[in-house]
Amino acid sequence: MSSQKGNVQRTRPQKHRNSTAFKNTKYDTSQRTKNILSVGQDGLCKRCKEKIEWKIKYKKYKPLTQPATCTRCHQKTVKKAYYTVCQPCATSLNICAKCAEKKDIVTEFAPDEQTQTAEQCEMEQEIKLLSERERRTLFRLKAQGKLTDGLTKEDGEDSEPNKGNVDSATQGIDELNCDSEDEDKASEEDGSEGEEKVDAYTLFE
């Protein structure tokens, strides 16, 4: 750096450089480090996500030992370190969960365990109401990957995903039944036409 007054710009490159990049799991393979690396950073804007990822990369991340207080609802519902807004408030207000500002969210919040458990129970209850044939068709469509979230939306209105899957499966079953009935009718008509032809040939004999 120059000794001139007011000259704070350095022209030379950095003197000491690391030959290898820092690796946070090189000497630390504890379960705590594995848990920190597995923490998902969702509901954040791009800048806030980069900040937390930097803390994780260079072992500066300190997880919470108990839930923190949300700055919006003032309840102890913040479960991730460096977050200032809980998931329900951030989702309803459409703000970043760290800086609490209305910015473009990079990754949306994943559904929590309670919501997934409730949806799973509802799905099981609806499957129990189906007949054996409809249940087998539902499992076959699910194995083929034809039950997607796109089937749960009709006319731009969101509906329950599991219910939409069951309804789509039952609709597919009805279509299969209609197709089988049409085939039976077609086969009956072909049989009746064949009988009439035979009768006509016998008359000419």
Side-chain angles (χ1 to χ4, degrees), residues 13-128 138-139 141-153 158-166:
Q14 185 178 353
K15 186 175 182 179
H16 299 285
R17 298 182 183 181
N18 295 330
S19 58
T20 57
F22 177 79
K23 188 177 181 181
N24 54 7
T25 57
K26 185 175 183 179
Y27 301 108
D28 187 4
T29 58
S30 62
Q31 186 64 33
R32 182 175 183 272
T33 302
K34 292 179 181 179
N35 293 337
I36 291 174
L37 294 175
S38 63
V39 173
Q41 306 302 329
D42 46 6
L44 302 173
C45 61
K46 184 179 179 181
R47 180 58 178 163
C48 293
K49 186 176 182 181
E50 290 176 353
K51 288 181 180 179
I52 297 180
E53 287 178 349
W54 183 91
K55 290 179 179 292
I56 294 174
K57 183 177 180 180
Y58 294 103
K59 293 182 70 66
K60 303 295 183 181
Y61 186 89
K62 296 180 180 179
L64 293 176
T65 56
Q66 58 184 1
T69 304
C70 176
T71 58
R72 299 297 175 137
C73 63
H74 304 289
Q75 301 293 328
K76 289 190 175 183
T77 52
V78 179
K79 300 180 180 180
K80 292 184 179 181
Y82 309 104
Y83 280 45
T84 59
V85 183
C86 62
Q87 178 177 348
C89 294
T91 304
S92 60
L93 299 174
N94 195 18
I95 58 177
C96 175
K98 184 180 182 299
C99 62
E101 296 180 1
K102 288 191 175 182
K103 296 182 180 179
D104 295 334
I105 306 301
V106 179
T107 54
E108 298 293 338
F109 277 106
D112 54 358
E113 295 180 358
Q114 295 180 356
T115 305
Q116 292 180 353
T117 304
E119 291 178 354
Q120 185 67 23
C121 293
E122 186 178 357
M123 181 70 174
E124 292 176 357
Q125 292 295 330
E126 292 180 355
I127 289 176
K128 289 180 181 179
L138 176 64
F139 291 149
L141 295 176
K142 187 175 181 180
Q144 294 175 355
K146 294 182 179 180
L147 296 182
T148 58
D149 295 337
L151 296 175
T152 64
K153 297 180 180 180
D158 295 340
S159 60
E160 298 178 1
N162 296 328
K163 187 175 181 181
N165 291 338
V166 175

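In this text the structure is predicted, and so the values were computed from the model without any measurement. One is the number of the first residue; the rest follow in order along the sequence.
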### Query
Of all residues at least two apart in sequence or in a different chain, which pass the side-chain hydrogen bond (donor to acceptor under 3.5 Å, both in side chains) check with Asn94?
none
### Message
Looking at Pro88, is its backbone amide N or carbonyl O close enough to the side chain of Thr91 to form a donor-acceptor pair, meaning the two atoms are under 3.5 Å apart?
### Response
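Checked: no pair found.
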### Message
To check you understand the geometry: which heavy-atom pair defines the closest contact between Pro63 and Ala81, and what is its length?
### Response
CA-CB, 4.0 Å
### Query
So, Thr107 side chain and Gln41 main chain: donor-acceptor pair closer than 3.5 Å or not?
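It does hold such a pair.
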### Task
Using the salt bridge (Lys or Arg N to Asp or Glu O under 4.0 Å) rule, collect all pairs that involve residues 36-45, keeping only residues at least two apart or in two chains.
Asp42-Lys80
### Message
Within this structure, what is the CD1-OG distance for the pair Ile36 and Ser30, rounded to the nearest 0.5 Å?
### Response
7.5 Å
### Task
Grab the two heavy atoms, one from Phe109 and one from Ala90, that are nearest each other, plus how far apart they are.
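Of all heavy-atom pairs spanning Phe109 and Ala90, the closest is CE1-CB, 3.7 Å.
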### Message
Between Thr71 (side chain only) and Thr84 (backbone N and O only), is there a donor and an acceptor less than 3.5 Å apart?
### Response
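Confirmed, Thr71 side chain pairs with Thr84 backbone.
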### Task
Give a yes or no on whether Asp104 atom CG has more than 12 heavy-atom contacts from other residues, nucleotides or ligands under 6.0 Å away.
no
### Task
Mind checking the CG-OH spacing from Leu64 to Tyr83? Nearest 0.5 Å is all I need.
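Rounded to the nearest 0.5 Å, the CG-OH separation comes to 11.0 Å.
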### Task
Any chance you could measure Arg47, atom CZ, to Ile52, atom CD1, to the nearest 0.5 Å?
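Going from the CZ atom of Arg47 to the CD1 atom of Ile52 covers 11.5 Å.
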### Query
Between CD of Gln31 and OG of Ser38, what distance do you get to the nearest 0.5 Å?
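Interatomic distance, Gln31 CD to Ser38 OG, rounded to 0.5 Å: 8.0 Å.
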### Task
Grab the two heavy atoms, one from Tyr82 and one from Lys55, that are nearest each other, plus how far apart they are.
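Taking every non-hydrogen atom into account, CZ-CD, 3.6 Å.
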### Summary
Nearest heavy-atom approach of Ile95 to Lys102 is CG2-CG, 3.5 Å
### Query
Taking the side chain from Tyr58 and the backbone from Asn24, do they hold a donor-acceptor pair closer than 3.5 Å?
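Not a single qualifying donor-acceptor pair exists.
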### Task
Mind jotting down which residue pairs meet the salt bridge (Lys or Arg N to Asp or Glu O under 4.0 Å) criterion with at least one end in residues 19-30? Sequence neighbours excluded, please.
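Pairs touching residues 19-30 that pass the test: Asp28-Lys59.
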### Task
Specify the closest pair of heavy atoms between Cys70 and Thr77, including all atoms of both residues, with the distance to one decimal.
CB-OG1, 3.9 Å
### Message
I need the Lys60 NZ to Lys62 NZ distance, nearest 0.5 Å.
### Response
8.5 Å
### Task
Mind checking the CG-CG spacing from Leu37 to Asn35? Nearest 0.5 Å is all I need.
9.0 Å
### Query
Where do Lys76 and Pro67 come nearest, in terms of heavy atoms and distance?
O-CB, 3.6 Å
### Task
Run through Glu53, Lys49, Lys103 and flag the one making a side-chain contact (heavy atoms from CB on, under 4.5 Å) with Leu44.
Lys49
